[in-house]
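Structure first, then comments.
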Amino acid sequence: MSERTERSEGMPGRHSPNEKTIVRPYGDTTGDGMVQVSFTLPVPHDKRAEGAAVQLANKMGMDPAMLVHAKPIGDGFTFFVVYGRVNHLVDLSKVQVVERDFPLLSAKEVNAVVKRQLRRKLSVVGACIGTDAHTVGIDAILNVKGIAGEKGLEYYRELKVTNLGAQVSVPELVEAARRERADAVLVSQVVTQRDAHLHNTREMSAAFREAMPAGRRPLLIVGGPRFDETMTGELGVDRIFGRGTTPGEVASYLVHALITSRKANTP
Ligand code: B12
């Protein structure tokens, strides 16, 4: 599955030979190593709490660490912001990201490829699974209103969209995918407490593997602001979309993964 996701180590071609690949954080002056972190400690706000925050920041490698904000939040909890210097360096040549490995198409182009090459509507089923009720993200991708001036997939004439909404169970999702003869299943996971997004995604991909044979399984796509896009293989999905995804990117990926790259690979 993960063969569809291209992991790119470094960003070849992005850096000219003279460009720095080792960088440090920048706060007040270039390369001063200054960063800012925020966290909460389960202690009431007093002098000792502030000292505890600085101690934690020191242990995290911030030296000096300056407390810039401390605010009690409820009984026995304090929220902190600490500003300080770290010695860590970032090696840009070792950064791993998932680059877009498909062309970005307009709605018109997506419709044309689906119509010409698939010769039927492409069926998409979407949902928030588990206890997750954060539907704004999946709605931004699926609903006509879309996001950031782009219309969602419902706007695409050649796509048939079934949006199941919030708190859908995995068996319900599998059933809907079967009923709608889904070409792709789009799942949103926003809550990451106790790694709920990872557990739910694994449960979902395992259920589809069990319920449908390899050639009949829909494309499995998950999205949400806190996913690591390189985890497709570990989660058993075809693609992961993160923060700031646009409907156009998703529609273009669907065409690429379900139509154009498949055609290209057919002998
Ligand atoms: C709105 C909101 C709510 C609303 C949700 C309303 C709704 N119908 O969606 C309500 C008030 C119900 C709510 C409830 C809760 N929330 Co809330 N909520 C938010 C908030 C403020 C904004 C989320 C949002 O709408 N973002 C805008 C959308 C457009 O962005 P997005 O989701 O990232 O989606 C984009 C991409 O990620 C991607 N994408 C997302 N999904 C998918 C899927 C696919 C297939 C694809 C391709 C792409 C994709 O594309 C989208 C467009 O670019 C966030 C904080 C924040 N600022 O993010 C907290 C937040 C998500 N909530 C949080 C929490 C804790 C809760 C509650 C548990 C609070 C409580 N104690 O009751 C409950 C949980 C309810 C539940 N059962 O899920 C936490 C989650 C923390 C964590 N680590 O998990 C956050 C981060 C707040 C915080 N800082 O603590 N919440």
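The figures here come from the full heavy-atom set of this structure, side chains too, leaving out hydrogens, waters and symmetry mates. Whatever order the structure lists them in is the order used to number ligands and atoms, beginning at 1. Along the sequence shown, residues are numbered consecutively beginning with 1.
A chain of hydrophobic side-chain contacts below 4.5 Å, direct or via other Ile, Leu, Val, Met, Phe, Trp or Tyr residues, connects Phe102 to Ile259.
Shown here, atom 42 (C) of ligand 1 is in close reach of the protein: a heavy atom of it lies under 4.0 Å off. Closer than 4.0 Å to atom 57 (N) of ligand 1 lies none of the heavy atoms of the protein. Note that atom 49 (C) of ligand 1 has protein non-hydrogen atoms nearby, at separations under 4.0 angstrom. Counting protein heavy atoms under 4.0 angstrom from atom 12 (C) of ligand 1 gives zero. Within the 4.0 Å cut-off (strictly below), no protein heavy atom is located near atom 90 (O) of ligand 1. Within a 4.0 Å radius of atom 1 (C) of ligand 1, the protein has no heavy atom. Remark: atom 54 (C) of ligand 1 lies closer than 4.0 Å to no protein heavy atom. Of the protein's heavy atoms, none falls inside 4.0 Å of atom 71 (N) of ligand 1.
Residue contacts with ligand 1: Gln189 is placed with no nitrogen or oxygen under 3.5 Å of a nitrogen or oxygen of the ligand (distance criterion only). For the pair Pro225 and ligand 1, the shortest N or O to N or O distance falls below 3.5 Å. Among the atoms of Ser188, some N or O lies under 3.5 angstrom from an N or O of ligand 1.
Counting only distance, with no hydrogens or angles, the side chain of Gln189 and the backbone of Asp132 share no donor-acceptor pair below 3.5 Å. In terms of modelled atom types and a separation under 3.5 Å, the side chain of Thr78 and the main chain of Leu41 share no donor-acceptor contact. Within the 3.5 Å criterion, the main-chain N or O of Arg157 finds a donor-acceptor partner in the side chain of Asn111. Side-chain atoms of Glu234 do not come within 3.5 Å of backbone N or O of Met231 as any donor-acceptor pair. Although no hydrogens or angles enter the test, the distance criterion places a donor-acceptor pair under 3.5 Å between the side chain of Glu150 and the main chain of Gly248. Of the possible donor and acceptor atoms, none in the side chain of Thr29 sits under 3.5 Å from a partner among the backbone N and O of Asp32.
Two rings, from Phe80 and His69, have their centers 6.0 Å or more apart.
Residues Thr135 and Val190 have side chains not in contact (no heavy-atom distance under 4.5 Å, counting atoms from C-beta outward).
Atoms of ligand 1 lying under 4.0 Å from at least one heavy atom of Leu186, given by number and element, are 45 (C). Close approach of ligand 1 to Asp132 (heavy-atom distance below 4.0 Å) involves ligand atoms 78 (O). Contact atoms of ligand 1 toward Gly244: 53 (O) (distance under 4.0 Å to a heavy atom of the residue). Annotation for ligand 1: atoms under 4.0 Å from non-hydrogen atoms of Arg226 are 82 (C), 83 (N), 86 (C). Each of the following atoms of ligand 1 lies closer than 4.0 Å to a heavy atom of Val250: 47 (C). Heavy-atom contacts of Ala133 reach the following atoms of ligand 1: 7 (C), 8 (N), 9 (O), 76 (C), 77 (N), 78 (O) (cutoff under 4.0 Å). Near Thr135, meaning under 4.0 Å from any of its heavy atoms, are these atoms of ligand 1: 7 (C), 8 (N), 9 (O). Less than 4.0 angstrom separates some heavy atom of Val190 from each of these atoms of ligand 1: 32 (O), 61 (C).
With hydrogens and angles left out, the side-chain atoms of Asn163 and Asn143 include a donor and acceptor closer than 3.5 Å. Counted by atom type alone, Arg202 and Asn200 present zero donor-acceptor pairs between their side chains at under 3.5 Å. Using modelled atom types and a 3.5 Å distance limit, the side chains of Ser252 and Glu249 yield no donor-acceptor pair. Side chains of His45 and Glu50: a donor on one and an acceptor on the other come within 3.5 Å.
Using a 4.0 Å heavy-atom cutoff, Gln167 is listed among the residues neighbouring ligand 1. For the pair Glu249 and ligand 1, no heavy-atom separation below 4.0 Å is found.
Only the side chain of Ile141 comes within 4.0 Å of ligand 1, judged by heavy-atom distances. With a 4.0 Å heavy-atom cut-off, ligand 1 is reached by the side chain of Ile147 but not by its N, CA, C or O.
In terms of protein heavy-atom proximity, atom 36 (C) of ligand 1 is nearest to Gly242 O, 3.3 Å. Thr245 O, 3.3 Å is the protein heavy atom nearest to atom 52 (C) of ligand 1. At the shortest separation from atom 77 (N) of ligand 1 among protein heavy atoms lies Thr131 O, 2.8 Å. With hydrogens left out, the protein atom closest to atom 39 (N) of ligand 1 is Gly224 N, 3.7 Å, a heavy atom. In terms of protein heavy-atom proximity, atom 27 (C) of ligand 1 is nearest to Val136 CG1, 4.0 Å. Protein heavy atom in closest approach to atom 82 (C) of ligand 1: Thr192 OG1, 3.4 Å. The nearest heavy-atom contact from the protein to atom 46 (C) of ligand 1 is Gly223 CA, 3.8 Å. In this structure, the protein non-hydrogen atom closest to atom 23 (C) of ligand 1 is His134 CD2, 4.4 Å.
Other members of the cluster containing Met34 are Met66, Val68, Ile73, Phe77, Phe79, Val81, Tyr83, with ILVMFWY side chains joined at under 4.5 Å, either directly or via other members.
Using a 4.0 Å cut-off between charged side-chain N and carboxylate O, Asp183 and Arg120 make a salt bridge.
For the side chain to side chain contact (heavy atoms under 4.5 Å, CB included) with Val125, the lone residue among Thr162, Val168, Leu142 that qualifies is Thr162.
Between Met62 and Gly84 the shortest heavy-atom distance is CE-N, 3.3 Å.
Nearest to atom 65 (C) of ligand 1 by heavy atom, out of Gln193, Glu150, Arg243, is Gln193.
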Between Phe241 and Phe227, does a ring pair (Phe, Tyr, Trp, His ring centres under 6.0 Å) hold up when you go through it step by step? CA-CA 8 Å; Phe241 285 92; Phe227 273 108; over 10 Å; no
